[in-house]
A.B. asks: 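Structure in structure tokens, see below.
For reference, positions follow the sequence shown, starting with 1. Model, not experiment: these values are computed from the prediction.
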Amino acid sequence: MNDNATLDVAIIGGGIIGICAAAFLAEAGRNVTIFDRTGICEETSSGNAAAFAFSDVLPLAHKGMIRQLPKWLADPLGPLSIPPAYLLKLLPWLVRFCRAGRSDRYEAGLAAQAGMMKLAEAEWMGLLDRSGTRPMLHEDGSLELYESEAEFKASLPGWAARQRFGIGFSHVEGSALAALQPGLSPRFVKGTFVPGWKTVADPKRLGKALWAYAERLGAGFERARIKRVEAGQDGAILTMADGTRRRAKHLVIAAGAWSHLLARHLGDGIPLETERGYNTTLPKTAFDVRRQLIFSGHGFVITPLETGLRVGGAVELGGLERPPNYARSKALLEKAQKFLPGLDPANGREWMGFRPSLPDSLPVIGQSQKTPSVVYGFGHGHLGLTQAAATGRLIRELVLGQSPSLDLGPFSPQRF
């Protein structure tokens with residue numbers, strides 16, 4: 001075995017979860033090495049919608065998705081698409097997803113997500129301050145938009161649930177709606193403003209700045225694709241694509257949509273699916289968007305970044321192998337032009353990323369059943385950026401053998 005020296009903590013995955021885990025562990029004085037096939041914050045974490053969505057506590061199965069499924073699936077370029085050839089493979093995940101939407105599971109999932117969000121907000125504010133990245137935070141709130149009174153009324157139970165957890169919001173219409181976002185199409189009759197919603201200047205820039213902080217604390221990076229992981233004596237063994245093998249006292253698997261493939265080597269069967277998300281980033285001059293706009297009936301958002309205007313979202317449950325279908329990002333851009341008359345669609349950059357999603361909308365955070373030396377942190381779906389600092393804190397506590405800041409039962413890798 002060519003292991004040079006046994007690593008203290010190895011992290012597989014250079015996305016925002018791995019970066020935050022590295023920062024928290026390096027702050028605790030641990031020697032951390034991240035392994036990633038491309039680089040730091042170069043894949044899915046680089047192109048997301050840039051939201052700290054701390055108020056987004058409703059599981060996906062309860063956000064109207066099941067009710068809208070027939071209509072959405074009828075449109076191949078709609079908010080949700082499943083390629084017909086992939087449907088059979090996806091069926092077990094869809095069954096679990098529908099079960100997660102049952103009323104008897106609602107309260108437990110809601111409470112777990114709300115607890116995670118409370119921890120996430122506190123940990124993010126602390127990490128931003130310690131790393132000197134607080135200036136990258138934008139606190140402009142969000143505006144969710146409705147095209148009819150019926151659509152607005154359908155949203156009210158969800159807002160009532162958020163209110164129970166202390167989440168502030170106000171429903172607006174008329175001049176108040178227009179003041180929050182001038183230039184909206186008159187098709188939008190009402191909106192909900194969430195003042196506590198936050199965004200970041202650019203998710204890729206934030207990720208790289210946080211990594212620079214972790215590096216200053218001694219964290220290191222190696223470009224490599226990990227082919228296999230095994231439980232070893234007093235730790236874990238990583239096998240690279242070139243056959244090189246490395247030992248680590250502790251291993252953190254935070255490889256996003258590829259994580260379940262590695263967990264399988266350790267006997268943990270985790271039903272992770274890949275939500276392929278699309279966006280187009282336009283020049284900043286495309287339209288004066290004041291805050292993140294959420295078009296929940298159409299499954300996408302528009303976010304003003306320091307690097308442009310990002311139009312993206314929607315869900316394509318199509319796995320890791322299919323080529324991108326950029327007709328989906330074009331369809332989102334066409335809708336954005338209708339919703340914001342005067343939007344300039346020219347000179348946009350199209351992108352597709354892989355969201356690692358579990359059927360109950362909760363991530364996997366916990367230890368492998370085979371060895372406590374391997375810790376999982378993945379499956380955050382649309383909330384990877386939002387929950388990254390909380391996950392980093394929890395991973396540090398698991399690696400150090402400390403009591404977790406949150407009950408990890410709902411996030412257990414063995415819950416399936």
A.B. asks: Looking only at heavy atoms, which two atoms of Thr274 and Ala257 are closest? And how far apart?
C.D. replies: OG1-CB, 3.9 Å
A.B. asks: Fit a plane to each ring of Phe188 and Phe339, take the angle between them on a 0 to 90° scale, and name the class: parallel (under 30°), tilted (30 to 60°) or perpendicular (over 60°).
C.D. replies: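 Taking Phe339 first and then Phe188, their aromatic rings stand perpendicular (interplane angle over 60°).
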A.B. asks: If we count only N and O atoms by modelled type, under 3.5 Å, do the side chains of Gln292 and Thr199 hold a donor and an acceptor together?
C.D. replies: no
A.B. asks: Taking only Lys NZ, Arg NE, NH1 and NH2, and the carboxylate oxygens of Asp or Glu, determine whether Glu42 and Lys208 approach each other closer than 4.0 Å.
C.D. replies: yes
A.B. asks: Could you tell me which non-hydrogen atom of Ser46 sits nearest to which non-hydrogen atom of Trp351, and how far apart they are?
C.D. replies: OG-NE1, 3.9 Å
A.B. asks: Looking at Glu334 and Lys330, is there a salt bridge between them, counting it only when a charged N and a carboxylate O are closer than 4.0 Å?
C.D. replies: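 Judged by the 4.0 Å cut-off on N to carboxylate O distance, Lys330 and Glu334 do not form a salt bridge.
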A.B. asks: Please state whether the rings of Phe169 and Trp159 are parallel, tilted or perpendicular, taking 30° and 60° as the class boundaries.
C.D. replies: tilted
A.B. asks: Side-chain donor-acceptor pair under 3.5 Å between Gln113 and Gln387, yes or no?
C.D. replies: yes
A.B. asks: Tyr146 and Thr192: side-chain donor and acceptor closer than 3.5 Å?
C.D. replies: yes
A.B. asks: Got more than 12 heavy atoms from elsewhere within 6.0 Å of NZ, Lys335?
C.D. replies: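 Above 12, so yes.
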A.B. asks: To the nearest 0.5 Å, how far apart are CD in Glu43 and NZ in Lys204?
C.D. replies: 10.5 Å
A.B. asks: If every non-hydrogen atom of Ile34 is compared with every non-hydrogen atom of Gly14, which pair is closest and at what distance?
C.D. replies: CG2-CA, 3.9 Å
A.B. asks: Does either side chain, that of Arg310 or that of Thr281, offer a donor lying less than 3.5 Å from an acceptor on the other one?
C.D. replies: yes
A.B. asks: Can you establish whether the number of heavy atoms outside Arg99 located under 6.0 Å from its atom CZ is more than 12?
C.D. replies: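 Atom CZ in Arg99 is not crowded, with 12 or fewer foreign heavy atoms closer than 6.0 Å.
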A.B. asks: Please report the closest heavy-atom contact between Ala100 and Asp360, naming both atoms and the distance.
C.D. replies: CB-CA, 3.8 Å
A.B. asks: For Gly366 versus Leu398, what's the shortest heavy-atom pair and its separation?
C.D. replies: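 For Gly366 versus Leu398, the nearest heavy atoms are CA-CD1, 3.9 Å.
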A.B. asks: Regarding Glu316 and Arg322, does a basic nitrogen lie under 4.0 Å from an acidic carboxylate oxygen?
C.D. replies: no
A.B. asks: Here's a test for you: under side chain to side chain contact (heavy atoms under 4.5 Å, CB included), which of Val364, Leu394, Thr391, Leu406 qualifies with Phe411?
C.D. replies: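 Single pass found, and it is Leu406.
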A.B. asks: Ignoring hydrogens, what is the shortest heavy-atom contact between Leu317 and Pro83? Give both atom names and the distance.
C.D. replies: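 In terms of heavy atoms, the two residues are closest at O-CD, 3.4 Å.
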